[in-house]
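Heavy-atom basis, side chains included; hydrogens, waters and symmetry copies ignored. Below, chains carry the letters A, B, ... as their sequence lines are ordered, and counting in each starts from 1.
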Protein chains: 2
Amino acid sequence: MTPTLDQVFSALADPTRRTILAMLLEDDMAVTDVAEPFDVSLAAISKHLGVLTAAGLISQEKRGRVKWCKLEPDALREASVWMQGFGQMDAIDLDAFENFLSKELGPSTQAP
Amino acid sequence: MTPTLDQVFSALADPTRRTILAMLLEDDMAVTDVAEPFDVSLAAISKHLGVLTAAGLISQEKRGRVKWCKLEPDALREASVWMQGFGQMDAIDLDAFENFLSKELGPSTQAP
DNA sequence: AAAAACGTCAACCAAATGGTTGAATGTCCG
DNA sequence: CGGACATTCAACCATTTGGTTGACGTTTTT
C-alpha cells in the first residue's frame, strides 16, 4: 500500500522521528542503536520506526536477531513535489522544469 | 515567534488544511468562503486556519467584519530545505508535478 | 542447556487533535 | 436602533498520539 501524504507529513512532524531519519542518512542502523541516543524506552523508538516504515520513509530488514533500518528517501518525493507547487521553485531542478515546459508548450500542443 | 518544523509539518499533515492551502493558491479568501466547500462546521475551519497561521503558512488580516486569509508560501522554505538534505530531490518528478497542477489547481485553471 | 541480547506486543495513561454545539463579539446596513 | 452577517470562544466529546512497564518469542553466545 503506497503511503499517503498524510502519513508522510505526520511522520515528519515529530522531532524524534526527524532525528532518526537524519541518523539513518549516515548509515543503516539496528533498532537498538537507533534508540541509544534517545532518552526514551526502546519500545517507544520501535513505535516511531513503525510510523516511519508505514510512511515509506524507511525500510526494515531482519537479519538474525537484528533488524536493520534503512532510509528510503524516495518517499519524500511526493511530499516535496506537493510543496514545490507553492512556489519553492528555487528548490527544483530548473533544467528539468524547462524541459517539462517545452514539452507542455511545444508546437503541437500549443493553446490557440 | 518563528514557527517550528514541528508546526509546519503537522499543519501539512491534515488533508483539510492542505486543501485550504491549495484553495488559497488561487486567491485570498474570507473565512466563510474557505469553509463553504467543506462538510464541517465553520468553527472547525476557523481552528484549522488558526493552526495554519501558527505555522506561518497563511496570514490573516481583518478588514471590517471580514477576515482575509492569504497564503504565505515562504514558510514552506525551511521545511523544503530540510527535505532537500535527503537528496535525490534535485530531479523533480515531472509526472507528479503535472499531477499536482491538474489536481490541486483544478482543470479550469488556464495559463495566462 | 542456560543466559544474554534484540525487538515487539499488550495494557495502560496523559495529553493533544479534530470535531460538535451554543453563546458571545464585532461590524455593516436599513 | 435593531437585525443580519462574520468569526471566534467555551465547553464538551471521541479518537489518536507518544510515552510507560512487563511479559514474550527469537536468535546468539557461553
Can you give the donor-acceptor pairs under 3.5 Å from side chains of residues 22-42 of chain A to other protein atoms, not counting sequence neighbours?
from  : atom 1 : to    : atom 2 : distance (Å)
A:S41 : OG     : A:A44 : N      : 3.1

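Atom CH2 of B:W68 and atom C1' of D:dT7 are 14 Å apart (whole Å). In this structure, the CG atom of B:D14 is 12 Å from the P atom of D:dT17, given to the nearest Å. The separation between B:M29 atom CE and D:dA6 atom P is 13 Å, rounded to whole Å. Look at CZ on A:R65: it is 4 Å from C1' on D:dT28, rounded to the nearest Å. Atom CD1 in B:I58 sits roughly 12 Å away from atom P in D:dT7 (whole-Å rounding). If you measure from atom CG of B:L49 to atom C1' of D:dC9, you get 15 Å, rounded to the nearest angstrom.
In this structure, A:E72 and A:L52 have side chains that are not in contact, with every pair of non-hydrogen atoms separated by 4.5 Å or more. Considering only heavy atoms from C-beta on, A:L21 comes within 4.5 Å of B:W82 through its side chain. B:W68 has its side chain out of reach of B:Q60: every pair of non-hydrogen atoms, C-beta onward, lies at least 4.5 Å apart.
Within the nucleic acid shown, B:K47 comes within 4.0 Å of at least one base atom, counting heavy atoms only.
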| Criterion side chain to side chain contact (heavy atoms under 4.5 Å, CB included) on A:L49 and A:C69, from CA distance to verdict | CA-CA 8 Å; A:L49 292 171; A:C69 304; 3.9 Å; yes
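In summary, contact between chain B and DNA chain C, defined as any nucleotide atom under 4.0 Å from a heavy atom of the protein, begins and ends at C:dG18 to C:dC28 in the 5' to 3' direction.
The nucleotide whose nearest atom lies closest to any side-chain atom of A:R17 is, among D:dG19, D:dT8, D:dG18, D:dG18.
Where A:G64 and A:S10 each meet DNA chain D at their nearest nucleotide, the meeting point lying more 5' is that of A:S10.
Between B:D14 and B:T16, the shortest heavy-atom contact is OD1-N, 2.9 Å.
Side chain of A:R17 to backbone of A:A11: a donor-acceptor contact under 3.5 angstrom is found. Without hydrogens or angle criteria, A:S80 side chain to A:L76 main chain gives no donor-acceptor distance under 3.5 Å.
For A:H48 and D:dG19, the shortest distance from a side-chain N or O to OP1 or OP2 is below 4.0 Å.
Atom CD1 of residue A:I58 and atom CG of residue A:L71 lie 8.5 Å apart, to the nearest 0.5 angstrom.
Using a 4.0 Å cut-off on heavy atoms, the residues of residues 32-46 of chain B that approach DNA chain D are B:T32, B:L42, B:A43, B:S46, listed by number.
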